[in-house]
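Beneath this line is the structure, given in structure tokens, with notes to follow.
The figures that follow rest on heavy atoms only: side chains count, while hydrogens, waters and symmetry mates do not. Chain naming here is simple, since letters A, B, ... match the order of the sequence lines and numbering starts at 1 in each.
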Number of protein chains: 2
Amino acid sequence: MASVRTRLDVDVRREQLLDAGVELFARRSWEEVSIDGIAAACGVSRGLLYHYFKGKREFYVASVERAVQRLHEEIEPELTLPPTAQLLTGLQRHFAGIEQHADAHTLLLGVAAADEEVAAIVARDREAFAQRVLAGMPGAGGSSPLARATARAWIGSVEAATRELIASDGDVTAEQLVAVLAESLVAALLAAARLDASIEVPPGIDGLAGGGIVEAIVASWSDDPPGERPGGAEQPVP
Amino acid sequence: MASVRTRLDVDVRREQLLDAGVELFARRSWEEVSIDGIAAACGVSRGLLYHYFKGKREFYVASVERAVQRLHEEIEPELTLPPTAQLLTGLQRHFAGIEQHADAHTLLLGVAAADEEVAAIVARDREAFAQRVLAGMPGAGGSSPLARATARAWIGSVEAATRELIASDGDVTAEQLVAVLAESLVAALLAAARLDASIEVPPGIDGLAGGGIVEAIVASWSDDPPGERPGGAEQPVP
DNA sequence: GAAGCTATTGGACTCTGATTCAATAGCTCC
DNA sequence: GGAGCTATTGAATCAGAGTCCAATAGCTTC
């Protein structure tokens, strides 16, 4: 295509290729994407791809990893906030950034979990998310199988909600989904705690269920800015 | 492989091939499975596969469809129960049948949503599920975008919970997950109704949140057997 | 147990698309 | 502006999906 051969720095080229990979694999499935297609889309020769990646598969996996990485950078946790608030802001940012990173999300949501390597990447990503969800629960919360399963199940609903938001033409808003998901997480964790005595629910959360969770959390941390609260970083919402 | 050639009725053979397909594609990904591999695993020649299916892809799609179909047969709704109870029994059966249909579940959970055709099958399946979830909500519930999004998001958590149960070595039980999910659905729908006035929540559900939902629903319909209640089929839980 | 029907086989072929590698040519530094 | 380094190319190769079909052999029926 581009008859002019341009010589780039290795890192730059690699990033460029991977970004194109994220975009391509978000739109078309594995079989539909050919090495030549990738090369053409990148304005680069077939051979170059093989110089950077061992093959189509490695390129694909690297693209998935890049997508995960891009989304992670976007949602760096505010370590100064209490865990519950970290989770909420993370969720808000996640939904706020959906259009901007639609490709990365589409790729990750569309990935085949049947593929071991790719599934492992996605699983690691989910696990990090689950840890954040459970960070708000001191005591045995994090280590109880039911608590973990509950957190992961809830993450499934966050993913589905993401799909909805990407697919919807604005007839559902990010704010609505955040509120619904927050409510549903609190209810799920309370239900889990009722079933498994080893799960300790922080006292603040206990009184939260039943509406206005988002507002309650927001209020709890804006009344009390993180900088002014010693050791606040690790405290759950009071 | 099997040197003995066995001649079967067309329908029987087709089913046999598809069942093998569900099993194969549940364990290995699309690329890992070759036509010859499929044939060998089925104890059948390459040529026969092409006699029954136009190619690898058609075989794959048909396998996915078969998986969906198998799971549907298992969870036939009890039309005599009120919608809420239908949903609950459906959920219970779904989890109860997980081991038995682990292959079909694994296949469906592992399928690449990036593949249009396959994604459509899965989407249709989810949609049927979503309709059942919303069936308990009279009025505008079913047609509100937020209500639908909420239902689909919750279905995402059911799928994730299914993954958990398949992966767990029995340290989480189906009953626990059903309880957690039920609680979380009610909370989510109530939250959605609070945000969107057009969503009407049946009065019975309103008082349900906060523990013991499963018990409440079970009690509500066992006190009052469906056969004895005229028109009961369409009534929500009182 | 012979005939007929058709499910089943397997090998030879084509074709698409992944992979390899020796040759080519930007870029930088002197 | 020439030398050297290495990013980049594209023709050659290879693997396996997809195709075709004449030969084979279960099952049924008489």
Identify each donor-acceptor pair in which a side-chain atom of residues 48-56 of chain B lies under 3.5 Å from a protein atom, sequence neighbours left out, and give them as a table.
from	atom 1	to	atom 2	distance (Å)
B:Lys56	NZ	B:Trp30	O	3.0
B:Lys56	NZ	B:Val33	O	2.7

With DNA chain D as reference, determine whether B:Trp30 or B:Leu8 sits nearer its 5' end, using the nearest nucleotide of each.
-> B:Trp30
May I ask you to test the B:Ile199-B:Thr150 pair for a side-chain heavy-atom distance under 4.5 Å?
-> no
NA contact type, A:Val33, heavy-atom cut-off 4.0 Å: base, sugar-phosphate, or nothing?
-> sugar-phosphate
A:Ile35 CD1 - D:dA11 P separation (whole Å) = 18 Å
Please report, rounded to the nearest Å, how far the P atom of D:dA17 is from the CD atom of A:Glu32.
-> 18 Å
How would you list all residue pairs meeting ring pair (Phe, Tyr, Trp, His ring centres under 6.0 Å) that involve residues 98-119 of chain A, not counting sequence neighbours?
-> A:His94-A:His105
Distance in angstrom units between A:Arg14 CZ and D:dT6 P, rounded | 18 Å
Just how far, in rounded Å, is P of D:dA7 from CG of A:Leu49?
-> 15 Å
For atom CD of B:Glu31, is the number of surrounding heavy atoms from other residues, nucleotides or ligands below 6.0 Å larger than 12?
-> yes
Of A:Arg28, A:Arg66, A:Arg27, which is the lone residue that meets salt bridge (charged side-chain N to carboxylate O under 4.0 Å, His left out) with A:Asp103?
-> A:Arg27
Look at the side-chain N and O atoms of B:Tyr52 and state whether any lies under 4.0 Å from the OP1 or OP2 oxygen of C:dA7.
-> no
When you check every protein heavy atom under 4.0 Å of nucleotides 20-26 of chain C, what one-letter string (B, S, -) results, 5' to 3'?
-> B---BBB
Counting heavy atoms not belonging to A:Glu73, are there more than 12 under 6.0 Å from its CD?
-> yes
Respond yes when some side-chain nitrogen or oxygen of A:His51 is under 4.0 Å from OP1 or OP2 of D:dT8, and no when none is.
-> no
d(OH, A:Tyr60; P, C:dA18) in whole Å = 14 Å
Of the candidates C:dT8, C:dG17, D:dA7, the side chain of A:Ser34 sits closest to C:dG17
What is the distance from CG of B:Leu17 to P of C:dA7, rounded to the nearest Å?
-> 13 Å
